[in-house]
There are 2 protein chains.
Amino acid sequence: MPQNESRLAHMLDKLKAQHFRITPQRIEVLRILAGSDGHPSVETIYEEVRRDFPTTSLATVYKTVTLLKELNEVLELGFPEGGNRYDGARPYPHPHLICTTCHRIIDPDLESLEGVTRELASETGFQIISHRLDFFGICPECQEKKN
Amino acid sequence: MPQNESRLAHMLDKLKAQHFRITPQRIEVLRILAGSDGHPSVETIYEEVRRDFPTTSLATVYKTVTLLKELNEVLELGFPEGGNRYDGARPYPHPHLICTTCHRIIDPDLESLEGVTRELASETGFQIISHRLDFFGICPECQEKKN
DNA sequence: TTGTTAAACGAAAATGATTATCATTTTAAA
DNA sequence: TTTAAAATGATAATCATTTTCGTTTAACAA
Ligand SMILES: [Zn+2]
Ligand SMILES: [Zn+2]
Ligand SMILES: [Zn+2]
Ligand SMILES: [Zn+2]
């Protein structure tokens, strides 16, 4: 998976460029975020990191994720019910499709959003900085299981 | 404001129809939610209710808002940072425009979302139940103040 | 009107994800 | 290596929201 490796390399370069230290725990968190397309939670990342580094603290995972967020290297999908999810492969705003049954989160292809944003800006005078678009529904697999 | 009164009447009817009791505190919360277009927070509702009923508990406001949410009579805009906001005038999913400076929340007019939803469903096989669309930016007034 | 009863209220404790604290360990550069 | 600053790990603190539970009250019938 060359794309993941380049994402990982990019993240590492960014940390180095800003003189953040490269620690084993950080490398592991970066690797998971760069390599996963499933929008993992902090808890998921934590469990995976602890397979290789069993003494890792949950606080370290939080701190690393927060750092990457500030560096715009991970997209945080905050949910008020808790259990935020993270996208390290596409760290820019993009729509998500969330299965309310199995909680998987998918990146759908949707092009028409930029036009909507422009329309909105010209209509309201707002300077649009960012957006968040979530669709909630039931994925094909979960629809199948119901029958 | 006849539209607000009809919203209030509708909410009261729904509570009565399902044999929930009509209390002074509930009426007050309903009135605020039905009459406000500013997407108030629980704290805001609480302060306003306490003007007329100073002994009202914050828990009562939470319980009433939660009840209305379950009855689909209020739309909850949850934010992971806390301080959720509520729309009792339009209790169905609709896009929002949020000023990151003064935190005002506006309902913009946007029609093109239903088409996007249909496209998404046919592309992914998901059964789309709901959505959440927030745009973040700086409102004209806050842009002005910066200069 | 009054009495009855389950629902709602108010106050306070509990919850739970996230953040802050701080002593100890470790990275990175001289 | 030595050194200083940064990162880690364990734990406490935070804070919006939920739960608990004893008291009050709305709704309804007598
Ligand atoms: Zn599913
Ligand atoms: Zn994504
Ligand atoms: Zn503003
Ligand atoms: Zn709204």
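Below, read A as the first sequence line, B as the second, and so on, with proteins coming before strands; counting in each chain starts at 1. Heavy atoms only: backbone and side chains are in, while hydrogens, waters and symmetry mates are out.
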To the closest 0.5 Å, what do you measure between CD1 (A/Ile45) and CD (A/Glu28)?
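Rounded to the nearest 0.5 Å, the CD1-CD separation comes to 11.0 Å.
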Would you please say whether a donor-acceptor pair under 3.5 Å links the side chains of A/Thr60 and A/Ser57?
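The answer is no; no qualifying pair exists.
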Protein-nucleotide distance ([X], atom [atom1]; [N], atom [atom2]), rounded to Å:
X: A/Phe20; N: C/dA29; atom1: CZ; atom2: C1'; result: 17 Å
X: A/Leu67; N: C/dT18; atom1: CG; atom2: P; result: 17 Å
X: B/Phe79; N: C/dT18; atom1: CZ; atom2: P; result: 17 Å
X: A/Arg26; N: C/dT26; atom1: CZ; atom2: C1'; result: 12 Å
X: B/Phe53; N: C/dG10; atom1: CZ; atom2: P; result: 10 Å
X: B/Arg50; N: C/dC9; atom1: CZ; atom2: C1'; result: 13 Å

Please figure out whether A/Thr64 or B/Pro24 has its closest DNA chain D nucleotide nearer the 5' end.
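Of the two residues, A/Thr64 wins.
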If you assign B/Ile22 and B/Val42 each to the DNA chain D nucleotide with the nearest heavy atom, which residue ends up on the more 5' nucleotide?
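Nearer the 5' end of the strand: B/Val42.
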Please classify the nucleic acid contact of B/Gln25 as base, sugar-phosphate, or nothing, using heavy-atom distances under 4.0 Å.
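Answer is sugar-phosphate: B/Gln25 comes under 4.0 Å of backbone atoms only.
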What contact category does B/Glu43 fall into here, base, sugar-phosphate, or nothing, at under 4.0 angstrom with non-hydrogen atoms?
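Contact class for B/Glu43: none.
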5'-most contact on DNA chain C: B/Thr56 or B/Arg21, nearest heavy atom basis?
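Looking at DNA chain C, the more 5' nearest nucleotide goes with B/Arg21.
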Pair B/Glu141 + B/Arg104: basic N to acidic O under 4.0 Å:
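A salt bridge links B/Glu141 with B/Arg104.
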What class does the angle between the rings of A/His96 and A/His39 fall in, given that below 30° is parallel, 30 to 60° is tilted and above 60° is perpendicular?
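Rings of A/His96 and A/His39: perpendicular, over 60°.
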Compute the bend angle of the helix from C/dT1-D/dA30 to C/dA30-D/dT1 from the end axes (five pairs per end), rounded to 10°.
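End-to-end axis angle: 30°.
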Given B/Glu76 and B/Arg85, is the salt bridge (charged side-chain N to carboxylate O under 4.0 Å, His left out) satisfied, shown in steps?
CA-CA 6 Å; B/Glu76 181 181 59; B/Arg85 306 278 289 262; over 6 Å; no
Hey, quick one: are B/Ile32 and B/Ile105 part of the same hydrophobic cluster, counting side-chain heavy atoms closer than 4.5 Å, chains of contacts allowed?
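The answer is no; the residues belong to distinct hydrophobic clusters.
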Could you list where the contact with chain B starts and ends along DNA chain D, reading 5' to 3', using a 4.0 Å heavy-atom cut-off?
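For DNA chain D, the relevant span reads D/dA16 to D/dA27.
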Side-chain N or O of B/Thr23 closer than 4.0 Å to phosphate OP1/OP2 of C/dA8:
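Checking B/Thr23 against C/dA8: no side-chain N or O falls below 4.0 Å of OP1 or OP2.
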So is B/Arg132 actually on top of B/Phe79's ring, under 6.0 Å and inside 45° of the axis?
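Yes, cation above the ring, under 6.0 Å and within 45°.
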Check whether more than 12 heavy atoms from other residues, nucleotides or ligands sit under 6.0 Å from atom CG of B/Asp107, and answer yes or no.
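Count over threshold, so yes.
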With a cut-off of 6.0 Å (strictly less than), are more than 12 heavy atoms of other residues, nucleotides or ligands near CG of B/Asp13?
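It does: B/Asp13 CG has more than 12 such atoms within range.
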Output the single nucleotide from C/dT18, C/dA8, C/dA20 whose closest atom is nearest the side chain of A/Tyr62.
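Selected nucleotide: C/dT18.
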